[in-house]
Structures are given as structure tokens and as C-alpha cells.
Amino acid sequence: MEGARVFALDVRPPQDDSGDTFIPVDVRDAASVADAIDQVVTDAGAIDGLVAAAGLSEEPTPAEHMGIDVWDRTIDVNLRGVFLTCQAVGRHMLERGTGSIVAIASMSGNFIVNAPQQQVAYNASKAGVSAMVRSLAYEWGPRGVRVNAVSPGYVGTPLLTSKTEMHPTWTKATPLARFATPAEVAAACSWLLGNESGFCLGTELLMDGGYSLA
Ligand SMILES: NC(=O)c1ccc[n+]([C@@H]2O[C@H](COP(=O)([O-])OP(=O)(O)OC[C@H]3O[C@@H](n4cnc5c(N)ncnc54)[C@H](O)[C@@H]3O)[C@@H](O)[C@H]2O)c1
């Protein structure tokens, strides 16, 4: 957002020179998340907005053969981690009585099943994020903290770079015939974080280039 001071909390440092302040954190670890959020509050004074975007997807595996360790790792990062981050920041925002949170879900949660790749853990984790957002919105909205979700279709990010052989299949299944850009997803997050979306609460903004229409 224009003029905003941005802190990047991640297990890995940013790959670009975005200028964000980087704080290493593993979102699966409650103490590590709480320490990182304390550090941001100490440094910046307050947190006005959060984009909870940590996520990974498991290698495609038929559900009947999925190892429970793979299931656990996906749910731990994508759902537990996003919840711990929202909870830590939400506590701070509720104390102030103001704030806006956006969680990154996916079209693969509430709208489609990833195809042809079989990814039951990823799909389930993202449906969990969507449900979590609605619950947090209902609980926290009346106390001044808005919570919403952005659910992208395929986005041209490192998450997809190791799957180049699938790109033609995925773009063909997308009526706009391309992936979203990270900038388009960032713009949607920025709008939901800001006051122009002030009446949005528990909204899930689907931006999938039309993938779910067919
Ligand atoms: N790329 C897509 O097509 C697509 C589509 C829909 C939704 N999404 C979602 O968008 C979000 C961002 O993904 P992306 O596409 O930018 O991929 P990405 O791999 O570039 O970003 C995911 C980030 O999560 C971080 N992360 C992973 N485990 C973590 C942990 N334990 N603690 C802290 N950080 C951790 C990674 O280091 C990485 O920076 C994810 O939630 C993803 O599921 C992506």
C-alpha cells in the first residue's frame, strides 16, 4: 500500500530487493510467530494490516497413497501457520480496536479441485483457510478488525516454476489463457486491506482468470 512500511515474515529471505524489513519466522511455531509480531510492534508501533500468505503444495499424490507426514506438513504450514499468524496479529489489532487482515486461500479450496494433479492436502488446507476467514470475520468484525480472503487461480510465482511441463495445461484451462501476476494478487490484497473495501467482511475474492467458470 502507498506509503506503508512493510515487514516480510518468512522462513526464507525475500528473493528480490523489495526493500521490505525481513524477519525470519516459521509460521508453524507459535512462539516464533508471537516473537516476530512483538518485534514488528516494537519497531513500528502498531500493525494496521496483515497479509497471511505462507503456503506450500505437496507433490501430486493419489489420496489413498498419501503419507500422513505429507498431509501434516501441508496442513501445518497452510492452515495452522496462517491461523497462528492471524491470531497473533489479531490479538494486537483487537487491543487497538482496528485493523485489516487478508489471508491467501485459493480457488482450489472452495471453488475447484486441482486437476489433473491430485493434491488432497493442499485443497483441504485452502478450504480450511476460507472457513477460518469467515469465522474470524464474524468474531472480530464487530470489534473493528476486518478479515477477508483472496483466492487466486494459478499465479506465476516460484510455487509453479518447478512444474513447467504443466503450464500449457493450466493456461489452456484458464479462459484468460495466462497466469495471474503477483502484482495483480498484491493489488487485490491492497484493496482489501484499505478503507475502500471497508464494507467487506468475510469476503472471499476469487481471482482465477475464469478457471472455475467451465
Ligand atoms: N502460485 C499459485 O498458483 C497460487 C495459487 C493460489 C494460491 N496460492 C497461494 O499463495 C500463497 C503464496 O504462494 P506463492 O505462489 O507466492 O508461492 P511461494 O512459494 O513463492 O510463496 C510461499 C511462501 O511461503 C513461505 N513459507 C513456506 N513455509 C513456511 C513456513 N513454515 N513459515 C513461514 N513461511 C513459509 C515460503 O518460504 C514462500 O516464501 C500461498 O499461500 C499459496 O498457496 C498460490
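As the structure is a prediction and not an experimental result, all values here were calculated from the model. Residue indices begin at 1 and follow the sequence shown. First listed ligand is number 1; within each ligand, the first listed atom is number 1.
- Its side chain outside the 4.5 Å cluster rule for every partner, V113 clusters with none of the Ile, Leu, Val, Met, Phe, Trp and Tyr residues.
- For the residue pair D208/S212, the side-chain donor-acceptor check at 3.5 Å is satisfied.
- Residues in residues 88-97 take part in these side-chain hydrogen bond (donor to acceptor under 3.5 Å, both in side chains) pairs, two or more places apart or across chains: D48-R96.
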Inset, instruction - Would you check, one step at a time, whether the test side-chain hydrogen bond (donor to acceptor under 3.5 Å, both in side chains) holds for E204 with N110? - result: CA-CA 9 Å; E204 181 167 1; N110 272 348; 2.9 Å; yes
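- Near ligand 1, residues D10, V11, R12, V25, D26, V27, R28, A53, A54, G55, V77, I104, A105, S106, Y122, K126, P152, G153, Y154, V155, T157, P158, L159, L160 come within 4.0 angstrom through at least one heavy atom.
- In this structure D72 satisfies the side-chain contact (heavy atoms from CB on, under 4.5 Å) test together with I68, sequence neighbours excluded.
- The aromatic rings of Y211 and Y154 lie perpendicular to each other, with more than 60° between the two planes, well past the 30° mark.
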